[in-house]
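These notes concern the structure reproduced below.
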Protein chains: 2
Amino acid sequence: MKLDRDRIVEEAFALLEADGLDAFSVRRLATRLGVQPPALYWHVESKAELVTLMAQRLYAEARAGHEGLEEWRDWLIAFGHAMRGRLLAHRDGARLCAVAEPDRAATAETRQALAAPLIARGLGEDVALSRLGSVIALALGWTIYEQNGGMHDYLEALFDFDASFAASLEAMIAGFPREA
Amino acid sequence: MKLDRDRIVEEAFALLEADGLDAFSVRRLATRLGVQPPALYWHVESKAELVTLMAQRLYAEARAGHEGLEEWRDWLIAFGHAMRGRLLAHRDGARLCAVAEPDRAATAETRQALAAPLIARGLGEDVALSRLGSVIALALGWTIYEQNGGMHDYLEALFDFDASFAASLEAMIAGFPREA
DNA sequence: CTCCGTAACTTAACGGTGTTAAATACAAAG
DNA sequence: CTTTGTATTTAACACCGTTAAGTTACGGAG
């Protein structure tokens with residue numbers, strides 16, 4: 001069965017799911033793919049690039065599918081929940097994104113594309129990017145604790161994850177000034 | 001020069017500062033301390049415990065010193081800025097806290113102590129802990145991006161770190177209902 | 001059919017990692 | 001002097017990401 005980037009990334013997610021980020025190694029991934037470790041380096045530059053590929057798939061999934069919402073606040077809330085949802089959907093998804101580097105092929109167009117949904121709903125580009133960043137940061141920080149085994153058990157005795165995240169996300173977005 | 005937990009943690013921070021989290025290894029730390037690597041295991045259970053010790057020092061620093069503020073909102077804002085400040089004060093401080101486990105010796109008293117500053121300013125314990133968690137999550141998520149070399153360069157072209165963090169922190173806290 | 005070049009992969013190795021078990025130094029106590 | 005416990009070293013294990021060099025597979029050109 002031949003190797004390619006897509007199959008590598010797919011199996012990488014399976015390995016992450018099965019063994020977690022700490023045991024996520026190039027060598028174990030190669031075993032799963034029925035191949036010797038260095039074979040992966042033909043298709044992928046480094047483990048870091050592979051992680052970046054995985055993270056970018058996560059980010060892209062979170063941005064998709066909120067077309068029906070007309071208010072930027074509603075869009076941001078939906079996006080925030082989707083972001084947390086995608087992070088939680090994979091074991092150690094948050095830590096994965098925490099170590100991932102940005103897409104090196106990012107251009108001014110990428111930047112425009114990122115801001116587009118919010119611009120279309122009335123925000124200026126600078127504000128749009130700032131708001132987006134804030135929501136992503138909240139979701140990432142939140143899920144990092146939520147997915148940290150020990151922290152999870154410790155914190156779930158202190159408050160409810162779902163309810164508290166929803167409350168803080170809604171508070172933050174409600175608190176954003178109409179335009180700035 | 002004899003070894004003890006305090007000296008280990010201190011030198012660990014120095015190593016983190018000098019070489020970053022990726023190069024932060026037990027072996028390099030031992031070299032810095034003029035000792036063979038396994039010597040550290042007499043004083044510390046594992047690298048994970050050492051990281052937890054370091055993270056807890058960070059958290060404690062962030063909580064200290066906001067006595068003058070009488071409103072819980074003001075206290076939370078000061079704490080949020082302090083939290084980000086302490087994370088930024090050490091290279092890879094955010095990622096360090098992201099992988100740290102909670103204090104295993106945490107009790108119901110610890111929980112009470114955590115919530116105390118907010119309870120003293122009028123919040124119920126459950127709400128206090130939830131609010132505290134939200135602010136920490138925002139600060140952690142934010143600084144993770146801020147300290148990720150590639151992401152930093154990528155994002156600083158999109159918005160201003162200081163201003164955007166302040167805006168989202170203030171928005172979130174302003175958006176929290178008076179009591180819930 | 002043969003030759004060649006490229007793509008895709010393997011084998012072998014390098015220098016690193018966290019951690020453990022066993023042997024050792026050393027100071028205090030009896 | 002001997003014993004005891006603390007603190008450290010030496011040696012080793014099983015991993016890790018990555019590179020260099022060798023090998024196979026295969027498609028197109030002559």
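Bear in mind that the values here come from a model prediction, so they are computed numbers and not experimental data. Hydrogens, waters and symmetry mates are skipped; everything else that's a heavy atom, side chains included, is used. Numbers restart at 1 for each chain; the letters A, B, ... are given by sequence-line order, proteins then strands.
Qualifying ring pair (Phe, Tyr, Trp, His ring centres under 6.0 Å) partners for A/Trp72, counting only residues two or more places apart in sequence or in other chains: none. Contacts of A/Arg5 classified as side-chain hydrogen bond (donor to acceptor under 3.5 Å, both in side chains), with partners at least two apart in sequence or in another chain: A/Glu49. By the side-chain hydrogen bond (donor to acceptor under 3.5 Å, both in side chains) test, B/Glu101 is found to be paired with no residue, residues two or more places apart in sequence or in another chain being considered. Residues passing the side-chain hydrogen bond (donor to acceptor under 3.5 Å, both in side chains) test with A/Ser168, sequence neighbours excluded: none. Annotation: salt bridge (Lys or Arg N to Asp or Glu O under 4.0 Å) contacts of A/Asp103 (sequence neighbours excluded): none. Remark: B/Asp22 pairs with B/Arg95 by the side-chain hydrogen bond (donor to acceptor under 3.5 Å, both in side chains) rule, at least two apart or across chains.
Remark: B/His43 is not in phosphate contact with D/dT6, judged by side-chain N or O atoms under 4.0 Å from OP1 or OP2. For A/Trp42 and C/dA8, the shortest distance from a side-chain N or O to OP1 or OP2 is below 4.0 Å.
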Mind listing the N/O atom pairs, protein and nucleotides 19-24 of chain D, below 3.5 Å?
none

Which atom pairs link the protein and nucleotides 14-16 of chain D when you take only N or O atoms and keep those under 3.5 Å?
residue : atom : partner : partner atom : Å
D/dC16  : OP1  : A/Ser25 : OG           : 2.7

Could you write out each protein N or O paired with an N or O of nucleotides 22-28 of chain C at a distance under 3.5 Å?
none

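Looking at every heavy atom in both residues, B/Cys97 comes nearest to B/Tyr59 through CB-OH, 3.6 Å.
Residue pairs meeting the salt bridge (charged side-chain N to carboxylate O under 4.0 Å, His left out) criterion with at least one member in residues 161-177 of chain A, sequence neighbours excluded: A/Arg84-A/Asp162. Pairs passing the ring-ring contact (aromatic ring centres under 6.0 Å, His included) check and including a residue from residues 8-58 of chain B, sequence neighbours excluded, read B/Phe13-B/His90. Within the structure, every pair that satisfies the salt bridge (charged side-chain N to carboxylate O under 4.0 Å, His left out) test and touches residues 53-63 of chain B, not counting sequence neighbours, is listed here: B/Glu61-B/Arg86.
Between the CD atom of A/Gln36 and the C1' atom of C/dA12 there is a distance of 11 Å, rounded to whole Å. A/Leu33 places its CG atom 10 Å from the P atom of C/dC9, with the value rounded to the nearest Å. Distance CG (A/Asp22) to C1' (C/dT17): 13 Å, rounded to an integer number of Å. Rounded to whole angstrom, the span from the CG atom of B/Leu50 across to the P atom of C/dT19 amounts to 10 Å. When rounded to the nearest whole Å, the span between CG of A/Leu40 and C1' of C/dA7 equals 16 Å. Distance NZ (B/Lys2) to P (D/dT6): 11 Å, rounded to an integer number of Å.
Considering only side-chain atoms of B/Ser46, the nucleotide from C/dT19, C/dT10, D/dT18 that sits closest is C/dT19.
Ring geometry for B/Phe79 versus B/Trp75: interplanar angle under 30°, hence parallel rather than tilted (30 to 60°).
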